[in-house]
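Structure record follows, encoded as structure tokens.
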Amino acid sequence: MNRTHRMLVAAAALAAVVHGGDAKAVLMVDGTVEPIGGGAFHYALTVDNDTADELAIITLDAPFGDPLIGASLTGPPGFVTSYDDVLGFLDLLADTAFFLPGSVVGPFEFDSLTGIGDGFFTTVMAITTLGDLVDGEIRLTPAQAAVAEPALPALLLTGLLPLLAVPRRGRAHHRN
């Protein structure tokens, strides 16, 4: 983690202590979680800034030492992402684009060995560009896999059989 990022994390911690109970729950992080095999999960998050302020940094609690998060963490253009595997923070930072009031930003994506209900990715806080602390909520849902209709292949096959038979009769008729 670079020095600037450590300073931002320290500022966020200081703001949490100073502002304590003044936080407003108007920040929502929505995400889907999909198993990708081998005990790993893929996360896709969006940030809904329903505050009156522009947000500079959004921090989620994360597991310590997860080897997949740092290697796979990405954000949309204009945003920087960072994972501190020692402190257990996952940060989403405004860079050339912004978490403007009323905006929805995403996806922020990463893989993790931690799934829903493992005790992480449950707490969200943000710092506004003015240095105010904003609490948020995170809502993770399992990704829904597409389920094939069992009768679809049989229906498709019975619909194609008459079409396969027609060309044969046509060819036999032309040979006579």
Side-chain angles (χ1 to χ4, degrees), residues 1-36 40-66 68-144:
M1 180 189 315
N2 66 30
R3 183 178 175 176
T4 304
H5 182 250
R6 286 191 192 275
M7 290 174 61
L8 283 171
V9 170
L14 180 60
V17 170
V18 171
H19 291 282
D22 295 341
K24 307 168 277 195
V26 289
L27 166 67
M28 178 61 72
V29 176
D30 283 309
T32 58
V33 183
E34 178 179 6
I36 54 174
F41 301 87
H42 180 76
Y43 286 74
L45 308 176
T46 58
V47 175
D48 184 355
N49 180 10
D50 198 18
T51 71
D53 298 313
E54 183 180 303
L55 304 176
I57 181 172
I58 297 169
T59 301
L60 290 81
D61 65 316
F64 306 101
D66 188 318
L68 300 181
I69 296 175
S72 62
L73 184 58
T74 62
F79 294 86
V80 177
T81 56
S82 176
Y83 167 60
D84 186 325
D85 63 342
V86 175
L87 297 176
F89 290 127
L90 191 146
D91 295 320
L92 315 174
L93 301 112
D95 187 25
T96 59
F98 304 100
F99 294 106
L100 297 173
S103 69
V104 177
V105 179
F108 294 92
E109 298 185 73
F110 60 93
D111 298 334
S112 177
L113 295 174
T114 301
I116 295 176
D118 288 343
F120 294 99
F121 310 118
T122 58
T123 305
V124 178
M125 70 174 185
I127 302 292
T128 69
T129 54
L130 300 174
D132 293 327
L133 178 68
V134 176
D135 280 336
E137 296 179 33
I138 185 165
R139 182 175 41 212
L140 298 173
T141 56
Q144 298 296 318

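Starting from 1, each residue takes its place in the sequence as its number. Just so it is clear, the structure is predicted and the values come from calculations on it, not from any experiment.
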| task | Nearest 0.5 Å please: distance from the OG1 atom of Thr46 over to the CG atom of Leu92. | result | 11.0 Å
Pairs under 3.5 angstrom only: tabulate donor-acceptor contacts from the side chains of residues 115-125 to other protein residues two or more places apart or in another chain.
from   : atom 1 : to     : atom 2 : distance (Å)
Asp118 : OD2    : Gly115 : N      : 2.7
Thr122 : OG1    : Asp61  : OD2    : 3.2

| query | Could you give the distance from CG (Asp30) to CG (Leu140), rounded to the nearest 0.5 Å? | reply | 8.5 Å
| task | Go through the side-chain N and O atoms of Asp91 and Thr59 and say whether any donor and acceptor fall under 3.5 Å apart. | result | yes
| message | If you compare all heavy atoms of Ile127 against all heavy atoms of Gly131, which two are closest, and at what distance to 0.1 Å? | response | CG2-CA, 3.9 Å
| task | Could you grab the distance from atom CG of Asp50 to atom OG of Ser103, nearest 0.5 Å is fine? | result | 10.0 Å
| query | Under 3.5 Å, is there a donor-acceptor pair between the Thr51 and Asn49 side chains? | reply | yes
| task | Could you check Phe98 against Phe79 for ring-ring contact (aromatic ring centres under 6.0 Å, His included), going step by step and ending with a plain yes or no? | result | CA-CA 8 Å; Phe98 304 100; Phe79 294 86; 8.1 Å; no
| field | Spacing of CD1 belonging to Ile58 relative to CG belonging to Leu27, to within rounding of 0.5 Å | value | 5.0 Å
| query | Is there side-chain contact between Phe99 and Val47, with at least one heavy-atom pair below 4.5 Å? | reply | yes
| Any idea which heavy atoms bring Ala62 and Tyr83 closest together, and the distance? | CB-CE1, 3.9 Å
| task | Quick one: closest heavy-atom pair of Phe41 and Pro35, and the distance? | result | CD2-CA, 3.8 Å
| task | Determine, step by step, whether Val134 and Thr128 satisfy the side chain to side chain contact (heavy atoms under 4.5 Å, CB included) criterion, reporting the C-alpha distance in whole Å, the side-chain angles of both residues, the deciding distance to 0.1 Å, and the verdict. | result | CA-CA 7 Å; Val134 176; Thr128 69; 3.7 Å; yes
| task | Answer whether the closest heavy-atom distance between the side chains of Leu90 and Ser82 falls below 4.5 Å. | result | no
| field | Interatomic distance, Leu73 atom CG to Leu68 atom CG [nearest 0.5 angstrom] | value | 12.0 Å
N/O donor to acceptor pairs below 3.5 angstrom from side-chain atoms of residues 105-112, sequence neighbours left out:
from   : atom 1 : to     : atom 2 : distance (Å)
Glu109 : OE1    : His42  : NE2    : 2.7
Asp111 : OD1    : His42  : ND1    : 2.6
Ser112 : OG     : Asp66  : OD2    : 2.6
Ser112 : OG     : Thr114 : N      : 2.9

